[in-house]
Amino acid sequence: MDYYTVEFKINVKNLGNKLTKVTPDLIDPALGWNAIINPTVREINPGEETYFTFSVITPFNFGWHDEVESFEVEFNSEIYPY
């Protein structure tokens, strides 16, 4: 069986004036898909930018007849002190 991994780089910038903890959350992932976001949390200093990697492993039968799948990612932020 052939499975394919697709990765997306998601940039996040702290436009605030305090240290911020950002936690991504994958909302209702599609059945049969293996999706993960790394790292699971990041602390970002004011004015700095970092990224998360969203990786998806497709099901074996995906891709026939121009199929499309979408995913929803939510980012929660907490300012310091947590």
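Remember, it's a predicted structure, so these values are computed and weren't measured experimentally.
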- Distance-only donor-acceptor check, side chains Thr23 and Asn76, under 3.5 Å: no
Using atom types as modelled, flag every donor-acceptor pair under 3.5 Å from a side chain in residues 27-42 to any protein atom, sequence neighbours excluded.
residue, atom, partner, partner atom, Å
Arg42, NE, Thr50, OG1, 3.1
Arg42, NE, Tyr51, O, 2.9
Arg42, NH2, Tyr51, O, 3.4

- Item | Val12 to Phe75 - nearest heavy-atom pair and separation | CG2-CE2, 4.3 Å
- Query: Looking only at heavy atoms, what is the nearest atom pair of Glu49 and Asn11, with distance?
  - Reply: OE2-CB, 3.4 Å
- Just by modelled atom types, is the Lys18 backbone N or O under 3.5 Å from a matching donor or acceptor in the Thr20 side chain? yes
- Taking the side chain as every heavy atom from C-beta outward, state whether Leu26 and Phe71 have any pair of such atoms under 4.5 Å apart. yes
- Task: Looking only at non-hydrogen atoms, find the nearest pair between Phe54 and Ile10 and report the distance.
- Result: CB-CD1, 3.9 Å
- To the nearest 0.5 Å, how far apart are CG in Asn45 and CG in Asn14? 7.5 Å
- Before accepting this row, confirm whether a basic side-chain N of the pair Glu78/Lys21 lies closer than 4.0 Å to the acidic partner's carboxylate O. yes
